[in-house]
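Whatever order the structure lists ligands and atoms in, that order sets their numbers, starting from 1.
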Amino acid sequence: MSRDSVDLEDLEGIGPKTAQLLKSKGILSVKHLALFNPEELIELTDMTPDRVEKILRSARDIVFGSNRVSRATDLARSFEGITRLKTNVRAIDDLLQGGLEPKAIYEFAGEFGTGKTQLCHQLSVTVQLGQDKGGVGGSAVYLDTEEAFSPGRIVNIAQRFDLDPPNEALDNIYVIKVVNAADLEDRIKFDVVKLVEQANVKLIVVDSIIALYRAEFKGRERLAERQQRLNYILDWLMRIAKVYNVYVVLTNQVLDVPMGYIEVKRPAGGNVLAHAVTHRLFLRKSKEDVKVMEVLDSPRLPFKASAMFRITDKGIEDV
Ligand code: GTP
Ligand code: MG
């Protein structure tokens, strides 16, 4: 029996009644259960802390294995074997060292009209392509907080990549309109996990991560609360990315920050967002219709390395 096929009922310390309770709260599987921390599970189920600890420990042992120590050489080898998701824009894929890596969060920050939403649309299509064409043969979930999703754009981009018929690309994109921060938390903890488990979703897009929080937690006195909630949802996205081996892309707005006599543009969201994302990329306008993507912070990509691109009727293209 493979580890993934262990049912909630078969988990040590869980009887049919507890399994039923967990299911009634929206927990789908042992993997899904392993995403929760004790406090969250206590709040969700009213079980005692002792029971929750025990259940979570056995869920984690199944999902991550009871031996969590690996040699660095094995880690390096497993990194070489990862499948990258390409944008199919040569300059950008080169900048990203072959495309997006799974189990990581990519942030694309930039002012209005720099192509963040277009890039998310493009990835929602390329994720559907076969590996020989730069994709991973998966579906996408698009968490739309700015009413920015455009089916027409998807069809245009699908045509460019010879998806036949192009309309079919729409069937493989699950769009979730998000109304506020609490809604985003629920959608990610339950609906998104369900789509990942049951609808072959490999790419999770949040366009944009910051809009809701900026609108909802106004003023300095609510800043700490805002950052805490932001941190919480980013932590959940990372848990999902790691456990399910999926790709995560966030867009972010920018702030004008005074630096002496001038103002520079910086991604919004402060330290919380800066620390939570794996790769931070900055998009800006250049000459004429050319845009530039630049590495702002990343454990693997060279700082300040950049790529040029252009937005056309067919999506994002090389210059
Ligand atoms: P905000 O969400 O406002 O912060 O901006 P964004 O970075 O998400 O910008 P987005 O990706 O929506 O890019 C908008 C730009 O894409 C616009 O300036 C348009 O010029 C361009 N664009 C959008 N659709 C088309 C299209 O069908 N054809 C062409 N040629 N350009 C398009
Ligand atoms: Mg946008």
TODO: Answer yes or no: does an N/O atom from Gly110 fall short of 3.5 Å to an N/O atom of ligand 1?
DONE: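 In fact, backbone or side chain, Gly110 has no N or O that close.
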
TODO: Check whether any N or O atom of Asn156, backbone or side chain, sits under 3.5 Å from an N or O atom of ligand 1, and answer yes or no.
DONE: no

Open item on the list: Could you tell me if Lys285 sits above the aromatic ring of Phe112, with its cationic atom closer than 6.0 Å to the ring centre and no more than 45 degrees from the axis?
Closed with: yes

Task: Pair Arg90 + Asp318, salt bridge at N-O below 4.0 Å - done: no

Open item on the list: If you take the nearest heavy atom of each of His121, Gln122, Arg153, which one is closest to atom 24 (N) of ligand 1?
Closed with: Arg153

TODO: Could you name the option among Gln118, Glu111, Glu146 that has the heavy atom nearest to atom 2 (O) of ligand 1?
DONE: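 Minimum heavy-atom distance to atom 2 (O) of ligand 1 goes to Glu146.
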
Any heavy-atom pair between the side chains of [Y] and [X] that's under 4.5 Å?
X	Y	value
Asp207	Phe149	no
Thr83	Pro102	no
Pro267	Glu107	yes

Which protein non-hydrogen atom lies closest to [atom], naming both residue and atom, and how far is it?
atom	answer
atom 8 (O) of ligand 1	Thr117 OG1, 2.8 Å
atom 14 (C) of ligand 1	Gly113 CA, 3.9 Å
atom 15 (C) of ligand 1	Ile311 CD1, 3.8 Å
atom 30 (N) of ligand 1	Asp313 OD1, 2.9 Å
atom 4 (O) of ligand 1	Lys116 NZ, 2.8 Å

Open item on the list: Between Lys177 (side chain only) and Glu147 (backbone N and O only), is there a donor and an acceptor less than 3.5 Å apart?
Closed with: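 Not confirmed, Lys177 side chain does not pair with Glu147 backbone.
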
Task: the Mg ion (ligand 2) to nearest N/O/S of Thr117 less than 2.8 Å - done: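 For Thr117, the answer is yes, given that an N, O or S atom comes within less than 2.8 Å of the Mg ion (ligand 2).
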
Open item on the list: Looking at atom 19 (C) of ligand 1, tell me if a protein heavy atom falls under 4.0 Å from it.
Closed with: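 When distances to the protein are checked, atom 19 (C) of ligand 1 has no heavy atom within 4.0 Å.
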
Open item on the list: Using every non-hydrogen atom in the two residues, find where Lys31 and Val63 come nearest and quote the distance to one decimal.
Closed with: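 Taking Lys31 first and Val63 second, the nearest heavy atoms are CA-CG2, 3.7 Å.
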
Open item on the list: Taking a cutoff of less than 4.0 Å between a non-hydrogen atom of the residue and any ligand atom, is Gly115 in contact with ligand 1?
Closed with: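 Per 4.0 Å heavy-atom rule, Gly115 contacts ligand 1.
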
